[in-house]
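Everything on this sheet refers to the single structure shown next.
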Amino acid sequence: MIELYETLKKRFGYEKFRPGQKEVIQHILSGKDTIAILPTGMGKSLCYQLPGYLLEGSVVIVSPLVSLMEDQAAQMRKNGEKSVIALNSFLSFQERKIALQNLGQYKFIFVSPEMLLQERVANKLRSMKLSIIVVDEAHCVSQWGFDFRPDYLRIGKLIDFDGRPPILSLTATAQSQVIEEISDYLHMDNPVVERHSLDRQNISYCIIQLNTYDEKYDWIKERVTATTGPGIIYASSRKRADELSTELQSIGVAVQAYHAGKENEDRAIIQEQFINGEIEWICATNAFGMGIHKGDIRQVIHEHMPSNMNAYVQEVGRAGRDGKPAAATLLYVPRDEDMTRFIVQNDLPAEEQIMHYAYLLSEGVNDDEAADRASLGETAKRVLDFYMEQFSIDKVLHIVDRLAKQKDSEVHEMVQLITGQRCIRESLMSYFDEKLDSKREYCCSVCGLPNAVWLSSNQRLVERHSKRARSWDERILSLL
DNA sequence: CGGGTGAGCGATAACGCTCACCCGGTGCCTTATT
């Protein structure tokens, strides 16, 4: 125990642990597989860095985004840790070769699931002395594994070898089903679940029903000029994010759009500018947000609903990490969910496509050509390949069908949250199997939010708010 | 849903109109080299 605090002081300069950290570290040090669900901004990386220093061998960190692992590696280097490498496609062939040969010399090794699954990388890691295998943002197993990045579902098989080190899964949100999936697909051995309340008391939730998309635009324009950021506006398509950003720029707002259609370099610059405060607002698709360290985000506005509650909580949770009041507003127009449904179902292959693809493969057609002839998109092909590797065609059809139904019911849950009469915070908490012990003062639009007061401890916001927002708030309240 | 596109229509012909249809999010890795 003394050693823990000494290392904390010496390596990180802290006197105390944040809630949850010490427990997670102790589980890992005693060799137990651990799933840690800690709210964002609670210092999750310390949970593997500290035990990494106390244990012999290398720490492998599986990370979903190259940019995220680069950030984390850079941060660690800045703090004086030289023995860290991010093994990814940023490295040239030559660099990768050298890195792989000398991998055992590194204390901290970041990899993507795809990289981890390359045989050469896997073999090398298995031959090394490893202290911890960390899966960062572990909800990606559930969120992406089944229909987008199936390699997330293959990790478990790979890291399940004799004498493997403990596995640590880190995430900010996970309902019980997701916890089970993480445990199963990572082949975790009876993991300890270290869970902290996900209730973000400083966030006020507001859901507003409007009639048309134009009303949404007007509302956002008004809101952005009358109140303060920094803030994120989540839109449902790249196009809409671009349009909204252009519109807001035209009325003098410091705003940029962010989505996967932009060059990586531009995305990095925009993110940097937002973090430094040069840009006040970001209009983004769901591409924006993971691994963003910015404490003073005051607002998250959803121009369109996300596709499930988990995504909603993740996105909303980016507001108010500094603990000061923050507002989460979701704008809803009846039948918004039609588009959401379309998006989440779009990549799933249809029954005919699956049959066609399987038939062509059985005829000996090369897989790329077969996918092409069966009109399978790249994502659909990769996902299908994963299921066909291990199941009969009947089973595959069944799995895909079940997946579609599940996604549908997730959208339905979102609609119920939006249109229901139940306290929003309470609904979210019960979704994550938590109970609210007491009511917050400025809870949500169902419980009632008084005029502008709900953001009053943010001085700047109130100053700007008081000029124009009064009538606007009244209008919102009347809509509620 | 909302926005965009392209076909079909009328019938002096050209072009403007309607209508049916399609599309819409997330990221690793890109092998022919260790």
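Here the nucleotide nearest the side chain of A/His259, chosen from B/dG27, B/dG3, B/dT26, is B/dT26. The side chain of A/Ala260 approaches B/dG27 more closely than any other nucleotide in the set B/dG27, B/dG24, B/dG2.
Taking atom C1' in both B/dC28 and B/dG24, the straight-line distance is 22 Å, to the nearest Å. Taking atom P on both B/dA11 and B/dT18, the two are 16 Å apart, rounded to the nearest angstrom. One C1' atom belongs to B/dG4, the other to B/dT26, and the distance between them is 24 Å to the nearest Å. A distance of about 40 Å separates the C1' atoms of B/dT30 and B/dA7, rounded to the whole Å. Taking atom C1' on both nucleotides, B/dC9 is separated from B/dA13 by 14 Å, rounded to a whole Å. Atom P of B/dA14 sits at a distance of 25 Å from the matching atom of B/dC19, rounded to the whole Å.
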task: Start with the C-alpha distance between A/Leu117 and A/Glu114, add both sets of side-chain angles, then the distance that settles side chain to side chain contact (heavy atoms under 4.5 Å, CB included), and finish with yes or no.
output: CA-CA 5 Å; A/Leu117 278 145; A/Glu114 289 81 4; 6.0 Å; no

query: So A/Glu303 and A/Tyr213, side-chain hydrogen bond (donor to acceptor under 3.5 Å, both in side chains) or not? Walk me through it.
result: CA-CA 9 Å; A/Glu303 188 266 348; A/Tyr213 278 75; over 6 Å; no

field: Audit row: A/His259, A/Thr285, side-chain hydrogen bond (donor to acceptor under 3.5 Å, both in side chains) steps and yes/no
entry: CA-CA 5 Å; A/His259 52 69; A/Thr285 59; 5.8 Å; no

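At whole-Å resolution of the value, CG in A/Asp347 and C1' in B/dG25 are 8 Å apart. Going from atom NE2 of A/His304 over to atom P of B/dG2 covers 11 Å, rounded to whole Å. Whole-Å rounding puts the A/Ile232 CD1 to B/dG25 P distance at 18 Å. At whole-Å resolution of the value, CH2 in A/Trp144 and P in B/dC28 are 7 Å apart. The NZ-P distance, from A/Lys239 to B/dC23, rounds to 12 Å in whole Å. Between A/Glu247 atom CD and B/dG3 atom P the separation is 11 Å, expressed in whole Å. Taking atom CD1 of residue A/Ile343 and atom C1' of nucleotide B/dG25, one finds them 5 Å apart after rounding to whole Å. Between the CG atom of A/Asp242 and the C1' atom of B/dG3 there is a distance of 15 Å, rounded to whole Å.
Between A/Phe288 and A/Phe274, the angle of the ring planes goes over 60°, which puts this pair in the perpendicular group of the 30/60° scheme.
In this structure, A/Phe93 forms an aromatic stack with the base of B/dT33, since both conditions hold: centre separation below 5.5 Å and plane angle below 30°.
Positionally, the nearest nucleotide of DNA chain B for A/Lys407 lies more toward the 5' end than for the other of A/Lys407 and A/Leu100. Mapping A/Glu243 and A/Thr379 onto DNA chain B via the closest heavy atom, the residue that lands nearer the 5' end is A/Glu243.
A close approach under 4.0 Å does not occur between any side-chain nitrogen or oxygen of A/Arg335 and OP1 or OP2 of B/dG2.
Checking B/dC19 for Watson-Crick or G-U wobble geometry (two distances, each under 3.5 Å) identifies B/dG6 as its partner. Under the Watson-Crick or G-U wobble criterion, with both distances below 3.5 Å, B/dA13 has no partner in any strand shown. The partner of B/dA32, taking Watson-Crick or G-U wobble pairs whose two distances both stay under 3.5 Å, does not exist in any strand shown. B/dC1: Watson-Crick or G-U partner is B/dG24, with both key distances under 3.5 Å.
Residue A/Leu65 is classed as a sugar-phosphate contact, given heavy-atom separations below 4.0 Å to backbone atoms only. Residue-level contact check: A/Arg267 touches the backbone only, with heavy atoms under 4.0 Å from sugar-phosphate atoms and none from bases. Looking at heavy-atom distances under 4.0 Å, A/Phe148 makes contact with a base.
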Close N/O contacts between protein and nucleotides 29-31 of chain B (under 3.5 Å):
unit_1, atom_1, unit_2, atom_2, d
B/dC29, OP1, A/Ser112, OG, 3.4
B/dC29, OP2, A/Ser89, N, 3.4
B/dC29, OP2, A/Ser89, OG, 2.6
B/dC29, O3', A/Gln118, NE2, 3.4
B/dT30, OP1, A/Arg96, NH1, 2.8
B/dT30, OP1, A/Arg96, NH2, 2.5
B/dT30, OP2, A/Arg96, NH1, 3.3

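In this structure, B/dT26 is classed as anti because its glycosidic torsion departs from zero by more than 90°.
Interatomic distance, CD1 of A/Ile179 versus CD of A/Glu181, reported as 10.5 Å (0.5 Å rounding).
For the residue pair A/Glu243/A/Tyr217, the side-chain donor-acceptor check at 3.5 Å is satisfied. For A/Asn88 and A/Glu70, the side-chain atoms include at least one donor-acceptor pair closer than 3.5 Å. Residues A/His304 and A/Thr340 bring a donor and an acceptor atom of their side chains to less than 3.5 Å of each other.
Less than 6.0 angstrom separates the ring centroid of A/Phe146 from the ring centroid of A/Tyr185.
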